[in-house]
Visitor: 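Sharing a structure below in structure tokens format, with a few things to ask.
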Amino acid sequence: MEDCLFCKIINKEIPANIVFENENILAFEDIEPQSPIHLLIIPKKHIATINDIEPQDKNICGDMLLAAKEIANTMNVDSSGFRTIFNTNEDAGQTVFHIHMHFLAGRKMKWPPG
Ligand code: 5GP
Ligand code: ZN
């Protein structure tokens with residue numbers, strides 16, 4: 001989609017440190033990392049928020065989780081642990097309206113989140 005930051009990263013119009021890519025999914029380093037490993041796992045299809053997911057998107061949603069699993073294994077944090085987060089709309093602090101899974105690892109996390 002035009003004027004979407006993450007669509008521009010998918011189309012390589014804006015650079016990013018890409019760590020994983022397949023037919024449906026791209027994962028790259030967050031520009032403002034909140035942990036030693038902080039990635040964003042996104043579908044190549046533009047979907048603004050979880051509210052906009054349709055039943056026909058269920059394979060893409062599954063692919064996002066499978067990408068998280070593969071990345072965790074590759075980065076050797078599958079056993080030590082990692083956190084995956086979707087922020088949706090204002091109260092959760094969503095700032096980019098192309099659905100993304102935050103993938104955080106490399107430090108002990110606190111609960112509940114702020
Ligand atoms: P949200 O706040 O929507 O859950 O997450 C958006 C994330 O995108 C933030 O963690 C922010 O640091 C990251 N971000 C914003 N602009 C860019 C950018 O141009 N490149 C990369 N790699 N990450 C970005
Ligand atoms: Zn987009």
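Predicted, not measured: the structure shown is a model, and the values here were computed from it. Just so you know, ligand 1 is whichever comes first in the structure, and atom 1 is the first atom listed for that ligand. No hydrogens, no waters, no symmetry mates; every other heavy atom, side chains included, goes into these values.
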Visitor: Could you name all protein N, O or S atoms found under 2.8 Å from the Zn ion (ligand 2)?
Guide: C4 SG, C7 SG, H46 ND1, H98 ND1
Visitor: Return yes when F97 approaches ligand 1 closer than 4.0 angstrom through a heavy atom, no otherwise.
Guide: no
Visitor: Within the distance-only criterion (no hydrogens, no angle test), does the side chain of D52 pair as donor or acceptor with the backbone N or O of T49 below 3.5 angstrom?
Guide: yes
Visitor: State the atoms of ligand 1, each with its element, that fall below the 4.0 Å cut-off from a heavy-atom position in Q94.
Guide: 3 (O)
Visitor: Show the atoms of ligand 1 that are less than 4.0 angstrom away from any heavy atom in E32.
Guide: 12 (O)
Visitor: With a 4.0 Å cut-off on N to O distance, would you call K12 and E21 a salt bridge?
Guide: yes
Visitor: If I compare all heavy atoms of N87 with all of I85, which pair ends up nearest, and what's the gap?
Guide: OD1-CG2, 3.6 Å
Visitor: What part of I14, side chain from CB on, backbone N/CA/C/O, both or neither, has a heavy atom under 4.0 Å from ligand 1?
Guide: neither
Visitor: Taking the ring of F103 and the ring of F28, is the distance between their centroids below 6.0 Å?
Guide: no
Visitor: Any atoms of ligand 1 less than 4.0 Å from a non-hydrogen atom of F6? List them with their elements.
Guide: 8 (O)
Visitor: Crowded around N51 CG? As in, over 12 foreign heavy atoms under 6.0 Å?
Guide: yes
Visitor: Suppose I only count heavy atoms of V96 and a 4.0 Å limit; which atoms of ligand 1 are within that range?
Guide: 3 (O), 6 (C)
Visitor: Could you name the option among T49, D30, N89, I99 that has the heavy atom nearest to atom 13 (C) of ligand 1?
Guide: D30
Visitor: Under 4.0 Å from a heavy atom of E29: give me the atoms of ligand 1 that qualify, with their elements.
Guide: 22 (N)
Visitor: In terms of residue, atom name and distance, what is the protein heavy atom nearest to atom 23 (N) of ligand 1?
Guide: I31 N, 3.3 Å
Visitor: Relative to the heavy atoms of F28, which atoms of ligand 1 are at a distance of less than 4.0 Å?
Guide: 22 (N)
Visitor: Kindly give the heavy-atom pair with the smallest separation between L104 and S35, and that separation in Å.
Guide: CD2-OG, 3.2 Å
Visitor: Between Q34 (side chain only) and E32 (backbone N and O only), is there a donor and an acceptor less than 3.5 Å apart?
Guide: yes
Visitor: Classify the contact between L5 and ligand 1 as side chain, backbone, both or neither, using a heavy-atom distance cut-off of under 4.0 Å.
Guide: side chain
Visitor: Determine whether a donor-acceptor pair (N or O, by modelled atom type, separation under 3.5 Å) exists between the side chain of R107 and the backbone of I37.
Guide: no
Visitor: Calculate, to the nearest 0.5 Å, the distance between atoms CG and CD belonging to L5 and E13 respectively.
Guide: 10.5 Å
Visitor: Provide the closest heavy-atom pair for H98 versus Q94 in the form atom of the first, atom of the second, distance.
Guide: N-NE2, 4.4 Å
Visitor: Is the number of heavy atoms from other residues, nucleotides or ligands under 6.0 Å of M109 CE greater than 12?
Guide: yes
Visitor: Identify the protein heavy atom lying closest to atom 3 (O) of ligand 1, giving its residue, its atom name and the separation to 0.1 Å.
Guide: T95 N, 2.7 Å
Visitor: Are the side chain of D57 and the backbone of I60 linked by a donor-acceptor contact shorter than 3.5 Å?
Guide: no
Visitor: Examine ligand 1 and decide if any of its atoms is less than 4.0 Å from a heavy atom belonging to A16.
Guide: no
Visitor: Does ligand 1 have any atom sitting under 4.0 Å from a heavy atom of H100?
Guide: yes
Visitor: Identify, by atom number and element, the atoms of ligand 1 in contact range of N87, meaning under 4.0 Å from any of its heavy atoms.
Guide: 4 (O)
Visitor: Side chain of K44, backbone of N11: donor and acceptor closer than 3.5 Å?
Guide: no
